[in-house]
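The structure under discussion appears below in the form of structure tokens.
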Amino acid sequence: MAKHSGATTIAEVAQQAGVSPATVSRVMNDRFQGEPGVAERVRAAARELDYSPSHLARSFALGQTNAIAFLVPDLANPAFQAVLSGLSKAAAQDGYRVLVADSAESAEDEPVLAAEIRRRCDALILCAPRMSEDDLVRATGMLGPTVLLGRSSPRVTAPTIFADSREGVAGLAAHLYGLGHRRVAYLEGPDGSANENRRRGLADYLETAPEMSLVHIPGGAGSENGVAAAPAVMAAGVTAVMAFNDLVAIGLMHALVESGVRVPDDISVTGFDDIPFARYMSPSLTTASVPHELVGALAWSRMQSLISGGTPEHNVVFQPRIEVRRSTAPPPGEAS
């Protein structure tokens with residue numbers, strides 16, 4: 001049989017060998033249990049026709065793609081990029097690839113995206129801080145194996161790895177209090193577990209420091225949200241601002257400086273995450289540091305256990321480390 005240009009199909013191999021396409025598939029997947037002579041005839045036909053089986057089709061035939069899904073709210077955020085880096089490097093050592101879906105901060109889209117990308121992979125690593133609790137329980141129950149990042153829930157049985165932002169933001173508040181700040185703004189993040197945990201952490205701290213007042217200002221999760229919030233910050237009469245994350249803090253600092261407000265001489269600013277840009281800002285950003293690459297690596301170790309039928313290691317809760325840098329100082333009029 002003469003070969004033609006283009007990829008040889010499984011049907012052509014079957015015709016050459018005088019068997020069904022299903023038999024060719026079983027031989028190529030090492031699942032054929034018939035006469036050895038038939039298997040050799042199929043392999044000979046495959047060699048003659050220069051047939052290369054589709055790795056994707058083979059994966060589906062075996063029920064395994066050697067790929068895992070990673071759902072994030074915003075891949076443009078360097079914090080999630082760092083998690084992906086740690087996850088991808090660890091998974092690659094075991095021969096797995098990582099496919100990424102970005103929900104663009106849409107809590108409504110997260111359950112649909114999670115189900116869609118899970119169908120293309122063996123398992124799901126879910127970072128969905130805005131997803132409702134009920135949707136989270138359904139997703140982790142139906143789409144397993146699943147590892148949950150960035151939040152926890154007593155209703156979820158999947159392995160979880162997250163940073164205690166409630167404790168982390170309280171540490172930032174304590175730092176500002178120690179510098180002498182008494183009227184502070186919290187630049188809110190998007191609705192969801194991450195923002196709620198920060199609000200609770202601040203409420204916890206205010207119980208121990210009743211002389212500190214807190215102003216809540218609407219914000220978001222991106223640098224553009226920090227820029228947009230600058231007028232409200234300047235009008236609030238605060239001496240310090242705690243931004244939802246580093247990106248928001250960076251946007252805010254840029255807008256404040258552009259408006260003639262000095263950071264930290266006039267207003268101190270803190271972030272959360274410790275993305276690489278934070279330490280190279282001018283001034284460098286005081287923030288709560290989370291080891292994002294390590295989070296990714298630990299997520300894979302638990303996922304690998306789930307895929308192989310083992311028992312995952314314990315859940316992990318990181319206590320963020322407060323990195324004090326040059327974006328915070330005593331309020332105006334107080335000695336350093």
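Every heavy atom of this structure was used, including side-chain atoms; hydrogens, water molecules and symmetry mates were not.
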- Message: For Tyr96, give me all partners under ring pair (Phe, Tyr, Trp, His ring centres under 6.0 Å), at least two apart in sequence or on another chain.
- Response: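 For Tyr96, the residues satisfying ring pair (Phe, Tyr, Trp, His ring centres under 6.0 Å) (neighbours in sequence not counted) are Trp300.
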- Task: Could you note down all residue pairs passing salt bridge (charged side-chain N to carboxylate O under 4.0 Å, His left out) where residues 298-318 supplies at least one of them, sequence neighbours left out?
- Result: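 Only Arg302-Glu313 qualify under salt bridge (charged side-chain N to carboxylate O under 4.0 Å, His left out).
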- Message: Give me each pair satisfying salt bridge (charged side-chain N to carboxylate O under 4.0 Å, His left out) with a member in residues 269-293, each pair once, sequence neighbours excluded.
- Response: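 Every salt bridge (charged side-chain N to carboxylate O under 4.0 Å, His left out) pair that includes a residue of residues 269-293, provided the two are not neighbours, is Lys89-Glu293, Asp274-Arg279, Asp274-Arg325.
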- Query: So which pairs with a foot in residues 138-149 pass side-chain hydrogen bond (donor to acceptor under 3.5 Å, both in side chains), sequence neighbours left out?
  - Reply: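 Sorted result for residues 138-149: Asp135-Arg138.
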- Query: Please, which pairs that meet side-chain hydrogen bond (donor to acceptor under 3.5 Å, both in side chains) have at least one residue in residues 243-265, sequence neighbours excluded?
  - Reply: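 Listed once each, the pairs are Asp246-Thr287, Arg262-Asp266.
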- Any side-chain donor near an acceptor of the partner, Thr328 and His175, under 3.5 Å: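 Distance-only check passes for Thr328 and His175.
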- Any residue meeting side-chain contact (heavy atoms from CB on, under 4.5 Å) with Ala115, in chain and number order, not counting sequence neighbours: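 Ala115 satisfies side-chain contact (heavy atoms from CB on, under 4.5 Å) with Arg119, Leu143 only.
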- Message: Holding to side-chain contact (heavy atoms from CB on, under 4.5 Å), I want the full list of residues that pass it with Ser103, two or more places apart in sequence or in another chain.
- Response: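 Ser103 satisfies side-chain contact (heavy atoms from CB on, under 4.5 Å) with Leu71, Pro73, Glu110, Leu113 only.
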- Item | Pairwise ring-ring contact (aromatic ring centres under 6.0 Å, His included) hits with a residue in residues 102-132, at least two apart |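 Every candidate ring-ring contact (aromatic ring centres under 6.0 Å, His included) pair involving residues 102-132 fails, so no pair, neighbours aside, qualifies.
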- Who passes salt bridge (Lys or Arg N to Asp or Glu O under 4.0 Å) against Asp204, sequence neighbours left out?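 Asp204 satisfies salt bridge (Lys or Arg N to Asp or Glu O under 4.0 Å) with Arg166 once adjacent residues are dropped.
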Would you be so kind as to tabulate the donor-acceptor pairs closer than 3.5 Å made by side chains of residues 210-219, with sequence neighbours excluded?
residue: Glu211; atom: OE2; partner: Tyr177; partner atom: OH; Å: 2.2
residue: Ser213; atom: OG; partner: Arg182; partner atom: O; Å: 3.4
residue: His216; atom: ND1; partner: Glu188; partner atom: OE2; Å: 2.6

Return a table of donor-acceptor pairs under 3.5 angstrom between the side chains of residues 223-236 and protein atoms on other chains or two or more places apart.
residue: Asn225; atom: OD1; partner: Ala221; partner atom: N; Å: 3.2
residue: Asn225; atom: OD1; partner: Gly222; partner atom: N; Å: 2.9

- Message: Just to verify, which of Thr160, Val83, Leu126 counts as forming a side-chain contact (heavy atoms from CB on, under 4.5 Å) with Leu149?
- Response: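 Of the listed residues Thr160, Val83, Leu126, the side-chain contact (heavy atoms from CB on, under 4.5 Å) partner of Leu149 is Val83.
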- Task: Under 4.5 Å between side-chain heavy atoms, chaining through other members, with only Ile, Leu, Val, Met, Phe, Trp and Tyr counted: pull out the rest of the cluster around Val317, sorted by chain and number.
- Result: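 ILVMFWY cluster around Val317 also holds Phe162.
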